[in-house]
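Read the structure below first, then the notes.
Numbers restart at 1 for each chain; the letters A, B, ... are given by sequence-line order, proteins then strands.
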There are 2 protein chains.
Amino acid sequence: MDFEGLADALKALADPTRLRIVSLLNIRDCCVCELVPLFGISQPAVSKHMSRLKASGLVKETRKGMWVFYSLNKDRLAEIGMSLSHLPDLTDELRQLEQKGLLVKCE
Amino acid sequence: MDFEGLADALKALADPTRLRIVSLLNIRDCCVCELVPLFGISQPAVSKHMSRLKASGLVKETRKGMWVFYSLNKDRLAEIGMSLSHLPDLTDELRQLEQKGLLVKCE
DNA sequence: GAAGTATATAACAATATAGTTATATTGTAT
DNA sequence: ATACAATATAACTATATTGTTATATACTTC
């Protein structure tokens, strides 16, 4: 995952409401109508949060009749968490810049 | 860490430039003047990113003469990553809401 | 103390985000 | 087909974010 991709995935999680949604889905699948009364925001707002989570691969949707059930992609969540402990190694980039004299020596 | 706190910490990381800064600091401490030429943004922009990271406890600053060196708080970074795999358990909240009849049964 | 360098803050602009209400879409049931 | 329920999308608003330039602060050196 590149920096842009990781930043985007983290943004998907960096909202209290979406974190609550993810925490709920961590317990069990939910449909939108169950989530709406829990957060004091409108149904369209919840729907947009779900779209955002889906766009980042964090949830999967399954239509069952009238309802759309969302389930958490736990692997994806773990992957994002892991990526914070395995950030890209910029050593080579640093070295290249150093050779080009672009790095300031401050001491 | 509550949802608001975690969301705030994730927001601190949810930016490509700040992720690059964190990745660099993961290799070695840097001062602002070293970071500026790397990202194609102004010195004040870098300075504000450092303030944001500092506010979330992700970096520590140490003044050395004219320079301010920033170092990564690796424990804090690990803590934020870990918190994604240990999200608050909302089972009890779900149960309470269920008893109050606030949860819709969709099936 | 005057000049120079590194960093931080202030004021502002452009864009992104998260909510709203209104409406469209999709599926169920009569 | 009509009416209803659940969800999604559109248009909009308010606020947050991320950058800019100009200026202030902190420290060093002459």
Side-chain angles (χ1 to χ4, degrees), chain A residues 3-22 24-25 29-56 58-71 102-107, chain B residues 3-22 24-25 29-56 58-71 102-107:
Chain A
F3 290 112
E4 271 71 19
L6 178 54
D8 204 66
L10 290 170
K11 268 181 200 163
L13 289 166
D15 174 88
T17 300
R18 283 196 293 273
L19 280 176
R20 287 191 173 88
I21 291 172
V22 166
L24 276 171
L25 297 182
D29 296 358
C30 290
C31 62
V32 177
C33 64
E34 287 182 298
L35 299 173
V36 170
L38 294 176
F39 303 121
I41 59 175
S42 65
Q43 171 268 315
V46 173
S47 201
K48 281 206 295 186
H49 281 306
M50 300 320 293
S51 293
R52 182 72 180 82
L53 290 171
K54 196 172 58 167
S56 290
L58 275 160
V59 304
K60 193 181 63 189
E61 69 176 38
T62 311
R63 187 170 269 278
K64 288 184 189 170
M66 279 190 299
W67 303 285
V68 176
F69 278 79
Y70 285 94
S71 56
L102 290 174
L103 278 191
V104 183
K105 287 291 181 198
C106 288
E107 47 193 350
Chain B
F3 290 112
E4 271 70 19
L6 179 52
D8 205 66
L10 290 170
K11 269 183 201 162
L13 288 166
D15 174 87
T17 300
R18 284 197 291 274
L19 279 176
R20 287 191 173 88
I21 291 172
V22 166
L24 277 170
L25 297 182
D29 295 0
C30 290
C31 62
V32 176
C33 63
E34 288 183 297
L35 299 173
V36 169
L38 294 175
F39 303 120
I41 58 174
S42 65
Q43 172 267 315
V46 173
S47 201
K48 281 206 295 186
H49 281 305
M50 301 318 295
S51 292
R52 183 72 180 80
L53 290 171
K54 196 172 59 165
S56 289
L58 276 160
V59 304
K60 192 182 63 188
E61 70 177 36
T62 313
R63 189 170 266 279
K64 288 183 190 170
M66 279 191 300
W67 303 286
V68 176
F69 278 80
Y70 285 94
S71 56
L102 291 173
L103 279 191
V104 183
K105 287 291 183 200
C106 288
E107 48 193 351

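Here A:K48 lies in heavy-atom contact (under 4.0 Å) with a base. Looking at heavy-atom distances under 4.0 Å, A:F39 makes no contact with the nucleic acid at all.
Across all non-hydrogen atoms, the minimal contact from A:Y70 to A:L25 is O-CD2, 3.4 Å.
Comparing C:dT21, C:dA6, D:dT7 by their nearest atom to the side chain of A:S42 picks out C:dT21. Listed nucleotides C:dT20, D:dT17, C:dT7 differ in distance to A:A45; the shortest reach to its side chain belongs to C:dT20. Residue A:R18 places its side chain closer to C:dA18 than to any other of C:dA18, C:dA8, D:dA8.
One interatomic measurement links the two molecules: CG of B:D8 to P of C:dA18, which rounds to 13 Å at whole-angstrom precision. When rounded to the nearest whole Å, the span between CG of A:D29 and C1' of D:dA6 equals 17 Å. Distance A:F69 CZ to D:dA6 P: 11 Å, rounded to the nearest Å. Atom-to-atom, CG of A:L13 to P of C:dT17 comes out at 14 Å; the value is rounded to the nearest Å. Look at CD on A:E61: it is 17 Å from P on C:dT25, rounded to the nearest Å. The interatomic distance linking A:E34 (CD) with D:dA5 (P) rounds to 18 Å, in whole Å. The distance from atom CH2 of A:W67 to atom C1' of D:dT7 is 12 Å, rounded to the nearest whole Å.
Mapping A:S47 and B:A14 onto DNA chain D by nearest heavy atom places A:S47 at the nucleotide closer to the 5' end. If you find the closest nucleotide of DNA chain D to A:V68 and to A:K11, the one lying nearer the 5' end belongs to A:V68.
For the atom pair A:S56 OG and A:L13 CG, the distance stands at 7.5 Å (nearest 0.5 Å). Separation of atoms OG (B:S42) and NZ (B:K48) is listed at 8.5 Å; rounding is to 0.5 Å.
The side-chain heavy atoms of A:K54 and A:E61, taken from C-beta on, include a pair separated by under 4.5 Å. Two residues are said to be in side-chain contact when any heavy atoms from C-beta on lie closer than 4.5 Å; A:F39 and A:L24 meet this criterion. A:M50 places a side-chain heavy atom less than 4.5 Å from the side chain of A:I21. Annotation: side chain of A:L19 is in contact with side chain of B:L10 (closest heavy-atom distance under 4.5 Å).
In terms of modelled atom types and a separation under 3.5 Å, the side chain of B:R18 and the main chain of B:L53 share no donor-acceptor contact. Using modelled atom types, no side-chain atom of B:R20 and backbone atom of B:L38 make a donor-acceptor pair closer than 3.5 Å.
One finds a side-chain N or O of B:Y70 lying less than 4.0 angstrom from the OP1 or OP2 phosphate oxygen of C:dA8.
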Base, backbone or nothing for each nucleotide of nucleotides 23-30 of chain D, written B, S, -, heavy atoms under 4.0 angstrom, 5' to 3'? ----BS--

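Applying a 4.0 Å cut-off to non-hydrogen atoms, the residues of residues 49-56 of chain B that approach DNA chain D are B:H49, listed by residue number.
Classification of A:D29 and A:K60 as a salt-bridged pair fails, no side-chain N sitting under 4.0 Å from a carboxylate O.
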